[in-house]
Amino acid sequence: MVLKVTKILAFQTLSGIYSAREFVWWYNGHPDYSGLKPDLKSTDTAVILGQGNVALDVARILLRPTTELASTDIARHALSALEESSIRKVFLIGRRGPVQAALTAKELREVLGIKNVHIRIKESDMSVTPADEEEMKNSRARKRIYELLSKAAAAAGTSKSDPDQRELHFVFFRQPDRFLESNERKGYVSGVNLEKTILDSTESGKQIAVGTGEFEDLNGSLMLKAIGYKSVPINGLPFDHKKGAVPNVSGRVVSQTLENLSQTEPGLYVCGWLKRGPVGIIATNLYCAEETVGSISEDIEKGVFKSSKAGSKGLMQLLEKREVKKVDFSGWEKIDAKEQQMGNERNKPREKLVTWKDLLAAAAAN
Ligand code: NAP
């Protein structure tokens, strides 16, 4: 058998293929993507590439009853489209196995608990190797995810089949090779070609997916790529391309020029994914921000950048000089109040304003 290393998904420009980022921004009412109009009516099958929490979020939106979504802060245009959606089957494609799925237990439990959704997992995908056992021994989180998926797989075998039911398929050991173009609708996607994979242990102990050279097609006219994010370097800042982050010590940016890497650039800090790479749940970002703010406070006390920075006043002057349009905190509060008031009228926590024009008008209102 010829083994190939795992592939980076080739990006093709067929209609019906979206990045999960575009899709998430669409249903959350981001002004740049509120006009996306994904076609949810021409197919009963959506395929999500990747098995991280973003993939789970997208699956949840596609499968959750719209009567339940109606009382959330989902954008109105997305709710209307989902009410008319014909999607009944969602496939989540992972290039590795259930022990390696990049999910967190709370998010997985929420998806497994969606009303009237049947979970489908092949029993053969749930078998574990000694290397998997070792991974689970070293990580309670991995073990928990595996147990939740195992339980769902076992329950799937006993559930009755109803033609109108919604299904969520967890497909393991498959990596995307290429998208397929529809014969009937030129320029539109009709499926994805998947390569079967097996796991190979690296020197570090991590198991990675390698292609086996065996392929199969999966049909569907809605394809969503949820294969993670990568920060981009910023001019003038050091960048660790492998980690996709700015090298730092507790948020203090490590100096590019000095030999001793623990020496940091005074007054320069990073936070969030630029600091740690594109990982972590919301709470992780909270602790991450606290750490960076702690470093800034400590440095202020130590007098590290005493009078060298002009602070917020200097920032405002710079924005004005560059003629940058800005919404200040009181503008943000007005947007927040307006959205909550609109939501109140519709029995939801908020109704999002989804165009720049409406947002700026709300921020400028008296
Ligand atoms: P992620 O957690 O990094 O997951 C990416 C998924 O795509 C993995 O299954 C990964 O497989 C797969 N993948 C990556 N490259 C691939 C390739 N070339 N071909 C096929 N598959 C590929 O990314 P994410 O889901 O975008 O989430 C980003 C971060 O935000 C995560 O830390 C996540 O937990 C967090 N998040 C949190 C919440 C929440 O708190 N509720 C919600 C959404 C996101 P491998 O594992 O094999 O690389």
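This chain uses plain numbering: 1 for the first residue, then up along the sequence. Read the numbers this way: they start at 1 and go in the same order the structure lists the ligands and their atoms.
Pairing each heavy atom of Leu63 with each of Ile114, the nearest pair is O-CG2, 4.0 Å.
Checking Thr202 against Ser204 by side-chain atom types alone, a donor-acceptor pair falls below 3.5 Å. Between the side chains of Ser190 and Asn219, no donor N or O sits under 3.5 Å from an acceptor N or O. Residues Lys348 and Thr72 have side chains that never bring a donor and an acceptor to within less than 3.5 angstrom of each other. Glu216 and Asn193 share no side-chain donor-acceptor pair at under 3.5 Å.
Pro176 counts as a contact of ligand 1, since one of its heavy atoms falls under 4.0 Å from the ligand. Using a 4.0 angstrom heavy-atom cutoff, Thr104 does not count as in contact with ligand 1. Using a 4.0 Å cutoff on heavy atoms, Gly280 counts as a contact of ligand 1. Ligand 1 lies within reach of Asp57, whose nearest heavy atom is under 4.0 Å from it.
Residue Pro278 approaches ligand 1 through these ligand atoms, each under 4.0 Å from one of its heavy atoms: 28 (C), 29 (C), 32 (O). Annotation for ligand 1: atoms under 4.0 Å from non-hydrogen atoms of Gly228 are 5 (C), 23 (O), 26 (O). In summary, the atoms of ligand 1 found under 4.0 Å from a heavy atom of Arg96, numbered by their order in the structure, are 45 (P), 46 (O), 47 (O). Listed by number with element, the atoms of ligand 1 under 4.0 angstrom from any heavy atom of Ile281 are 40 (O). Which parts of ligand 1 touch Val54 is read off a 4.0 Å heavy-atom cut-off, strictly below it: atoms 24 (P), 25 (O), 26 (O), 27 (O), 43 (C), 44 (C). Near Glu107, the atoms of ligand 1 lying under 4.0 angstrom from a non-hydrogen atom of the residue are 39 (C), 40 (O), 41 (N). For ligand 1, the atoms sitting less than 4.0 Å from at least one non-hydrogen atom of Tyr229 are 26 (O), numbered in the order shown with element in parentheses. Close approach of ligand 1 to Val279 is summarised as follows: ligand atoms under 4.0 Å from at least one heavy atom of the residue are 32 (O).
Comparing heavy-atom distances from atom 22 (C) of ligand 1 across Lys206, Arg95, Gln51 singles out Arg95 as nearest.
Under 4.0 angstrom from ligand 1, there are no non-hydrogen atoms of Gln175. Using a 4.0 Å cut-off between heavy atoms, Ile93 makes no contact with ligand 1 at all.
Tyr229 OH: more than 12 foreign heavy atoms inside a 6.0 Å radius.
Within the 4.5 Å cutoff, the side chain of Arg120 has no heavy atoms near those of the Phe170 side chain. The closest side-chain heavy-atom distance from Cys288 to Trp273 is not below 4.5 Å. Contact annotation: the side chain of Lys275 approaches that of Thr292 to within less than 4.5 Å [non-hydrogen atoms, C-beta and beyond].
For ligand 1, the polar-atom distance check against Gln100 finds no nitrogen or oxygen pair separated by under 3.5 Å.
With Tyr33 as reference, Trp25 is the one residue of Trp25, Tyr18, Trp26, Phe23 to meet the ring pair (Phe, Tyr, Trp, His ring centres under 6.0 Å) rule.
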